[in-house]
Amino acid sequence: MNNTSIFRKTSFAYTIIITFLNAAVNIMILSSPQSSTIQNDIAEKWQTFVNSIPAVVILVTFGPFTLPLILCLCYILKKTSEEKTVKRAVSLPMAMATATFLGWISNIAIMFPTAVLAKNALGLPIRIILTATGLSSFMIGISMFTMTYLILENLNQKYLLPKLFPNGKVSSVKTLFRPTFGVLLAMTFLISSIWPVTSLLSELRTILINSGLTISKGLLFITFVPLLTAAYVTFMLSKKIVIPLKKLTQATEHIKMGDYKTRLNIITNDEMGILADTFNDMTASLEEKEFIRDTFGKVVDPNVRDYLIKNGKSLQGESREVTVLFCDIRNFTAMSEKMMPSEVVSLLNRYFTALGKCISAHRGIINKYIGDAIMAIFGVPMENEKHAQDACLAAIDMREALAQLNEELCTEGKNTLRFGIGMHTGKVFAGTIGATDRMEYTIIGDTVNTASRMESLCKTYSTDILLSEATLSQLSDELKAKGITYVDEASIRGKEDKIKIYTLNAN
């Protein structure tokens, strides 16, 4: 069943619910004793006149639930794309609640011409009749609007929206109008306090007038003091809930932007206080996890970190074709013996930072540092068909980066550095390897050993970069044209067959 079918099926069910609800309320109103908000003689003449017009009786009887039914069906059956239909589902409670409100206040439009006819025929006062009937229709409309919206909103959240928005994100759907909690609370106050009190006062006033009496000011004072108190309590209750919710919304936006130091300053021991404390505990946990993630990304390559976090325990390892690059500083042991340990660390950090940027820029990862050597991998953990190409481009950039670093060292009066780089392409096993309580993401296989041996051959052939024929075969013609020279067919320790090796010419 597609989303449009789900929307229409659920919407029809909602329409049946509100139609029966409106019909039941209208039957109760029509069958209840007539209000005495209009003086007895006027009320009797008005009721007799209304009953004498069949069209008015039919509209008043059936309008409050037939008009909403028609409007809801039009909303449901409107042809739109499936994407727009899904979005319209969010506005469904509001649309049907509005249709209900229009159905009830339609009585005002019916009663206005009827009151004009009653004035012309019987001399009845239009203002009194329209005030009484209009206020009653409006308040019933507001009551039914609020009731319908709350019923359908709860049903929507429980049944329809989870099907159409399985991943959430309903708040991102823009709607024309959506009642806030404050607005709903104000409507509740209007229905539960203002309407009953004003209706009772109006009834009392009419009874007193019919009896030749008047309402005392003391009664009015006693009536309006509780109303003002209820209004104040409603306002304070709204602030107590709405303001913390706004703070929570703003705080979550900060969290969404990566600001995990955000905290809610809501000091209370009710549900909002519990929510704030829970939120603060959550942000503290997120801050700690982000620190761990950031630290983890410094211990291993950030790409490996993200890959391990994403795959979690499902990471079992796999056979992949990659290009392995080894880079080692020439005569570093002899050089470091003449330096302070702090100077050695500082120099290595500058060296690794400069060369690491070149590797990362070409989608490679630094798998490990072995003393003053770097082992880099191209082609894992992310798929990369051009791993050999990227490895060679990284080696060229590393050559330039070392030259720039040497210029800085020379200016500082320090010894310059030389390196040797060996690259080889082939099959490896890539995955997490180690003990159950301490593991490392790495690669193993003959390809790794061959790349390491080729780096050592840089000393033999007095060059800074060597690559195997397997790596050369995957390079683009453009890169080959930049200058690749055949060096030799060399013997690699541990391998019976010789392999052809090449060097990248310096620019």
Side-chain angles (χ1 to χ4, degrees), residues 90 157 161-162 165-175 178-185 235-315 342 345-346 348-369 374 376 381-382 432 434 437-441:
V90 180
Q157 292 176 8
L161 296 184
F165 296 87
N167 299 321
K169 303 293 184 181
V170 180
S171 60
S172 62
V173 178
K174 302 298 181 182
T175 56
R178 188 178 184 85
T180 62
F181 182 82
V183 171
L184 291 174
L185 200 57
F235 175 72
M236 295 305 295
L237 180 61
S238 176
K239 286 184 62 177
K240 184 175 177 61
I241 297 176
V242 173
I243 292 177
L245 287 178
K246 286 183 178 179
K247 289 183 178 180
L248 179 61
T249 302
Q250 293 171 355
T252 53
E253 286 295 326
H254 286 289
I255 296 296
K256 184 179 178 181
M257 299 300 293
D259 181 11
Y260 299 114
K261 296 185 180 296
T262 301
R263 298 292 185 273
L264 279 177
N265 185 24
I266 300 176
I267 312 299
T268 177
N269 64 347
D270 57 11
E271 289 85 348
M272 284 299 174
I274 296 173
L275 178 62
D277 291 341
T278 305
F279 178 86
N280 291 336
D281 291 341
M282 180 195 71
T283 54
S285 177
L286 288 173
E287 185 179 8
E288 181 182 2
K289 289 178 180 178
E290 181 62 20
F291 173 76
I292 294 172
R293 181 177 179 273
D294 184 60
T295 303
F296 186 31
K298 293 176 181 177
V299 176
V300 300
D301 188 278
N303 291 323
V304 174
R305 173 201 64 195
D306 296 338
Y307 183 75
L308 292 176
I309 292 174
K310 180 180 179 181
N311 288 273
K313 295 181 179 179
S314 64
L315 186 62
S342 59
V345 172
S346 176
L348 284 176
N349 286 341
R350 291 175 65 181
Y351 170 79
F352 288 146
T353 299
L355 270 60
K357 291 179 180 178
C358 303
I359 295 170
S360 299
H362 293 284
R363 297 182 290 180
I365 66 167
I366 296 176
N367 183 244
K368 63 186 67 179
Y369 296 107
I374 298 173
M382 294 73 60
T432 51
D437 58 346
R438 185 176 179 85
M439 307 189 79
E440 175 188 28
Y441 181 85

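Side chains included, hydrogens not; waters and symmetry mates left out as well; all remaining heavy atoms used. Everything numeric here is computed off the predicted structure, so don't read it as measured data.
To the nearest 0.5 angstrom, L237 atom CG is 5.5 Å from L185 atom CG. With rounding to the nearest 0.5 Å, the separation of CD1 in I366 from CD1 in I359 is 4.0 Å.
When the shell of 6.0 Å around OH of Y369 is examined, it contains more than 12 heavy atoms from other residues, nucleotides or ligands. Counting heavy-atom neighbours within 6.0 Å of K357 NZ, excluding the residue itself, gives a total of 12 or less. Annotation: N349, atom CG; neighbour count of heavy atoms from other residues, nucleotides and ligands within 6.0 Å is above 12.
Residue pairs meeting the side chain to side chain donor-acceptor pair (under 3.5 Å) criterion with at least one member in residues 272-284, sequence neighbours excluded: R263-T283.
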Which pairs would a plain distance check flag for residues 241-258, meaning a side-chain donor or acceptor within less than 3.5 Å of a matching protein atom at least two apart in sequence or in another chain?
unit_1 : atom_1 : unit_2 : atom_2 : d
T249   : OG1    : L245   : O      : 2.9
T252   : OG1    : L248   : O      : 3.1
T252   : OG1    : T249   : O      : 2.6

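Applying the side-chain contact (heavy atoms from CB on, under 4.5 Å) test to K240 and every residue at least two apart in sequence or in another chain returns T268, D270.
With contacts defined as side-chain heavy-atom distances shorter than 4.5 Å, the pair V90/F165 qualifies.
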